[in-house]
Structure formats: structure tokens, C-alpha cells
Amino acid sequence: MNMAWKEMKKNKVRFLILGSIVFLVSLLTFIISGLANGLSQDNAALIKDLPEGHFYMSQDADQTINLSRIDRDVQENMLKKHKEAVAFSIQMGFLNDEDEKQQSVAFVTSTESPVFENVQKGEVVLDLSMKEKGIQVGDSLTNNQYSGKFIVKGFVDQKKFSHAPVAFIHSEDYQEMYRVKEMQLIFVPGKDSIGAVTGLDVFTKKQFLNTISSYKAEQTSLNMIVWFLVVISGMLFGIFFYMMNVQKMGLYGILKAIGVKTRTLFHMMWTQMMVITVIALTISITLSQVFNRLAPKDMPFSLTIETTAQLSIVFFMIGFMGATISGLQIKKVQPLQAIQQGEV
């Protein structure tokens, strides 16, 4: 421990440079991870906020929600067998406010269920973000495909689909607008699957989210960047300690000659890695959480403590692996040979 501290004080500029790079990489990783989580919520909060369960979609839809049509007899049979099951449909569209300004929404209708908003014919319940656009309870909204008017009955928080606020409407209104009587999907809450149903594909929540094309594309791209940055941090530790070790072969030879064990030298390197990582992560976590609080409301950014903790653990693991791999050469050091080749 004392040797680790003494070396860091002696070569403070080198360790400061490494710490600065780790700080910048970790901060960028936290920011991109927060953006990925925020976009995930903005794209599919309606689905992500549902309890664990299984989704059923018609097989001939080829995993495309808009093409799915659940046979009425199949739907009724499933809803009778599973009292908590719910059939629902999602379709993109728009609403005209009282100033005739179009607002893009995702229309959602469902059978009666506690997991979705239940509304009466001619009513609509909107995502809370619509309130920020000037829409109030009691306002009358219209749609070119609907003969009547929708009366705003209330708002719900964090109900988005495909980056659009959700509008819950009655099934009869939905049928009039889209000229379709069948529901697109059936959701059965519960961790255990009810098994295969003829003519239907079954998905877990994670699998179903990946059927949303925009969700899968966004998350795959951003997660690749996050893990690429994590790998870069591990490579930084490996390269840095490898170069340091090459320059200290003579020192290691003397230390081994006077009885210092290889394990002690590894502990010294691990201590330095831990100190650098702790300081860099502390600063980057603080700044990322400040950004999380100060970010504009319309920016899809969400960095939870759980995600931050998971990434921090990964950084420690990657840093440990990088430092350890680079230090394997210490184990092979022969005291006399190292003294002759190196400089103290």
C-alpha cells in the first residue's frame, strides 16, 4: 500500500493523465447510457411499465404489430380462461386541439383491465406531456377519421409509444377510426407462460419490445457505443500499466531479490488501479447525476442509481482485468536478469 502511494506521488503526472482519461470515458458512458434509457422510455414506456407477462400476436403478422389481427373467437376464449388477460390495439395517428393544431399520438384501446386506462365512448385519456402543450381536462379534440369529438377526461404519466404520447380511447371509437373489429394483441400477466396458442406467436416483454423496429435499432446502436467505451477503458488500464511495468523491470528485479513477493507487486498495481478508478468514477457519477437533474424535460434522458451502480461495477471489473493482464510479465521477472536489463 505504501509503495503504491509513493509511486503515485512520484509519477503524479502520469497517473493524473490516466485518471483524466478514465474520467472522460466513464462520464461519456454514463451520459450515453442515460440517453439510451431515456429514449427507451420515450419509445416504449407503455409496454415497459406493464407487469411481467407474455404477449400474443397473430403468426401471419410476421412480428409486425400493425399487421396483427387476433381472431374474435380466439380472443374471447383466452379472456375467459385467463381473467387477468387483456386484448389491446395500438395505432399511430393525430388529434386536432381546439386551435386546430395537430398533435401526434399513439391511439390505444383495450378490453377492460386494470393495466390500461378504461374510458367511455367519446372520451380520451392522454399522456401528461400533452398537458404541457396546452391541452386541459374538458377540452374537445377531433380526428379526421372520427365523426364525433373526444372529451379529455384526464392525464397519465409516462405513457409513450414510438416517441409519441399515448391517447387511450374506447374500442368503438377505435373501430370507427380504423375500420377494424379485431384487436392486435393479447397480454397475459404472469411470469409463467400459458403455453402455445394455435395461430399466435408468444413473446416475453423483452422479446416483444424488440418487435418495435425503432426501439430495437436505437437500443442496439446506443448499447454498442456504451460497451465499446467500457472496453476502451479496460484497454487504457492495460496499456498504461504495461508501459509502466516495462520501465520498472529493474525495480521489480531488485524488489524480488530482497524478498518482495510477486503477490505484493500485484497488490500495489491493483491499489493504484482502484484509487484512479474510484476518484474518476466519483467525479463522473456526480456530474452525470447533476446533468440528470438539470436536463430539460423534453430531453429523453434517464440515468437511474441502479444503472449507474451496474456500470461502475463493470468499470472496476474491466479495470482489474486490464491491469492484471498487463501485470502478468511481473510474474516472469527474474531478479538478476531484470537488474541487468532495467534501470532503477
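Residues: numbered from 1 along the sequence shown.
Using cut-offs of 30° and 60° on the angle between ring planes, the pair His267 and Trp270 is tilted. Aromatic ring pairs are classed by plane angle as parallel below 30°, tilted from 30° to 60° and perpendicular above 60°; the pair Phe240 and Phe15 is perpendicular. Using cut-offs of 30° and 60° for the angle between ring planes, the Phe55 and Phe187 rings count as tilted.
Put simply, the side chain of Leu185 does not reach to within 4.5 Å of the side chain of Tyr56, judged on heavy atoms. Considering only heavy atoms from C-beta on, Ile151 stays 4.5 Å or farther from Val124 through its side chain. Looking at Met183 and Thr109, their side chains come closer than 4.5 Å, going by heavy atoms from C-beta outward. Side-chain contact check for Met92 versus Phe161: some heavy-atom pair is nearer than 4.5 Å. Side-chain contact between Ser89 and Val108 is absent, with no heavy-atom pair separated by less than 4.5 Å. Annotation: side chain of Val180 is not in contact with side chain of Gln175 (no heavy-atom distance under 4.5 Å). Side-chain contact check for Leu209 versus Lys48: some heavy-atom pair is nearer than 4.5 Å. Contact of the Ile65 side chain with the Ile212 side chain is registered, since non-hydrogen atoms from C-beta on lie closer than 4.5 Å.
Ser312 places a side-chain N or O within donor-acceptor distance of the main-chain N or O of Thr308, the cut-off being under 3.5 Å. The closest donor-acceptor contact from the side chain of Ser302 to the backbone of Gly38 lies at 3.5 Å or more, if one exists at all. Proximity of a side-chain donor or acceptor of Ser288 to a complementary backbone N or O of Ser284 within less than 3.5 Å is detected. Side chain of Asn143 to main chain of Phe94: a donor-acceptor pair is present (N/O by atom type, distance under 3.5 Å, no hydrogens or angles). No side-chain donor-acceptor contact under 3.5 Å links Ser40 to the backbone of Ala36. Listed for the Asp97 side chain is a donor-acceptor partner under 3.5 Å among the backbone atoms of Asp99. The backbone N or O of Val152 lies less than 3.5 Å from no partner atom in the side chain of Asp139, so there is not a single donor-acceptor pair. Checked by atom type and distance alone, the side chain of Asn77 never pairs as donor or acceptor with a backbone atom of Asp73 at under 3.5 Å. Between the Thr111 side chain and the Ala87 main chain, a donor and an acceptor come within less than 3.5 Å of each other. Checked by atom type and distance alone, the side chain of Thr142 never pairs as donor or acceptor with a backbone atom of Lys149 at under 3.5 Å.
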Evaluation steps, side chain to side chain donor-acceptor pair (under 3.5 Å), between Ser58 and Ser68: CA-CA 5 Å; Ser58 60; Ser68 179; 3.2 Å; yes
Determine, stepwise, if the pair Gln207 / His54 fulfils side chain to side chain donor-acceptor pair (under 3.5 Å). CA-CA 9 Å; Gln207 292 170 338; His54 292 80; over 6 Å; no
Given the rule in the side-chain contact (heavy atoms from CB on, under 4.5 Å) test, do Ile169 and Val125 qualify, once you have shown the distances and angles that lead to the verdict? CA-CA 7 Å; Ile169 59 176; Val125 174; over 6 Å; no
Worked check of side chain to side chain donor-acceptor pair (under 3.5 Å) between Thr29 and Ser26: CA-CA 5 Å; Thr29 304; Ser26 60; over 6 Å; no
Step-by-step side-chain contact (heavy atoms from CB on, under 4.5 Å) determination, Ile17 to Val13: CA-CA 6 Å; Ile17 292 173; Val13 175; 4.1 Å; yes
Kindly indicate, with the supporting measurements, whether the criterion side chain to side chain donor-acceptor pair (under 3.5 Å) is fulfilled by Asp173 and Tyr146. CA-CA 7 Å; Asp173 296 334; Tyr146 183 58; 2.9 Å; yes
Run the side-chain contact (heavy atoms from CB on, under 4.5 Å) check on Gln75 and Asp71 step by step: do they pass? CA-CA 6 Å; Gln75 173 184 319; Asp71 183 81; over 6 Å; no
Could you walk me through whether Asn43 and Ser162 satisfy the side-chain contact (heavy atoms from CB on, under 4.5 Å) test, starting with their C-alpha distance in whole Å, then the side-chain angles of each, then the deciding distance to 0.1 Å, before giving a yes or no? CA-CA 4 Å; Asn43 201 345; Ser162 193; 4.1 Å; yes
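Note on Val166: it does not cluster hydrophobically with Val105, by side-chain heavy-atom contacts below 4.5 Å among ILVMFWY residues. Each of Ile318 and Ile313 belongs to its own hydrophobic cluster when Ile, Leu, Val, Met, Phe, Trp and Tyr are linked at side-chain heavy-atom distances under 4.5 angstrom. By the rule that hydrophobic residues join a cluster once side-chain heavy atoms approach within less than 4.5 Å of another member, Phe168 and Val137 end up as members of separate clusters. Leu128 is connected to Ile135 through a chain of hydrophobic side-chain contacts under 4.5 Å among Ile, Leu, Val, Met, Phe, Trp and Tyr, so both are in one cluster. Hydrophobic cluster membership is shared by Ile276 and Phe30, with clusters built from Ile, Leu, Val, Met, Phe, Trp and Tyr side chains linked at under 4.5 angstrom.
Within 6.0 Å of the CD atom in Glu84, the count of heavy atoms belonging to other residues, nucleotides or ligands does not exceed 12. Counting heavy atoms of neighbouring residues, nucleotides and ligands inside a 6.0 Å radius, atom NZ of Lys153 does not exceed 12 of them. With a 6.0 Å radius and a threshold of 12 heavy atoms from other residues, nucleotides or ligands, Lys12 has its NZ atom at or below the threshold. For Tyr178, the OH atom is densely surrounded, since the number of other residues' heavy atoms within 6.0 Å is greater than 12. When the shell of 6.0 Å around NZ of Lys131 is examined, it contains 12 or fewer heavy atoms from other residues, nucleotides or ligands. Within a 6.0 Å radius of NZ in Lys121, other residues, nucleotides and ligands contribute more than 12 heavy atoms.
Here Glu123 contributes atom CD and Asn118 contributes atom CG; the two are 11.0 Å apart, rounded to the nearest 0.5 Å. To the nearest 0.5 Å, atoms CG (Asp157) and CZ (Phe155) are separated by 12.0 Å. For the atom pair CZ of Phe315 and CG of Leu311, the computed distance is 6.5 Å after rounding to the nearest 0.5 Å.
Remark: the Ser110 side chain and the Ser113 side chain contain no N/O donor-acceptor pair separated by less than 3.5 Å.
Taking the six-membered ring for Trp, Phe316 and Phe320 have ring centres at least 6.0 Å apart. Taking the ring centroids of Phe116 and Phe88, they lie under the 6.0 Å cut-off.
Contact detail for Val25 and Leu236: the closest heavy-atom pair is CG2-CD1, 4.2 Å. Looking at every heavy atom in both residues, Ala280 comes nearest to Gly19 through CB-O, 3.7 Å. Looking at every heavy atom in both residues, Asp49 comes nearest to Gln41 through OD1-NE2, 4.1 Å.
Asp42 and Lys160 are joined by a salt bridge, as a carboxylate oxygen and a charged side-chain nitrogen come within less than 4.0 angstrom of each other.
Gln184 pairs with exactly one of Leu67, Thr64, Ile70, Asn66 by the side chain to side chain contact (heavy atoms under 4.5 Å, CB included) rule, that one being Asn66.
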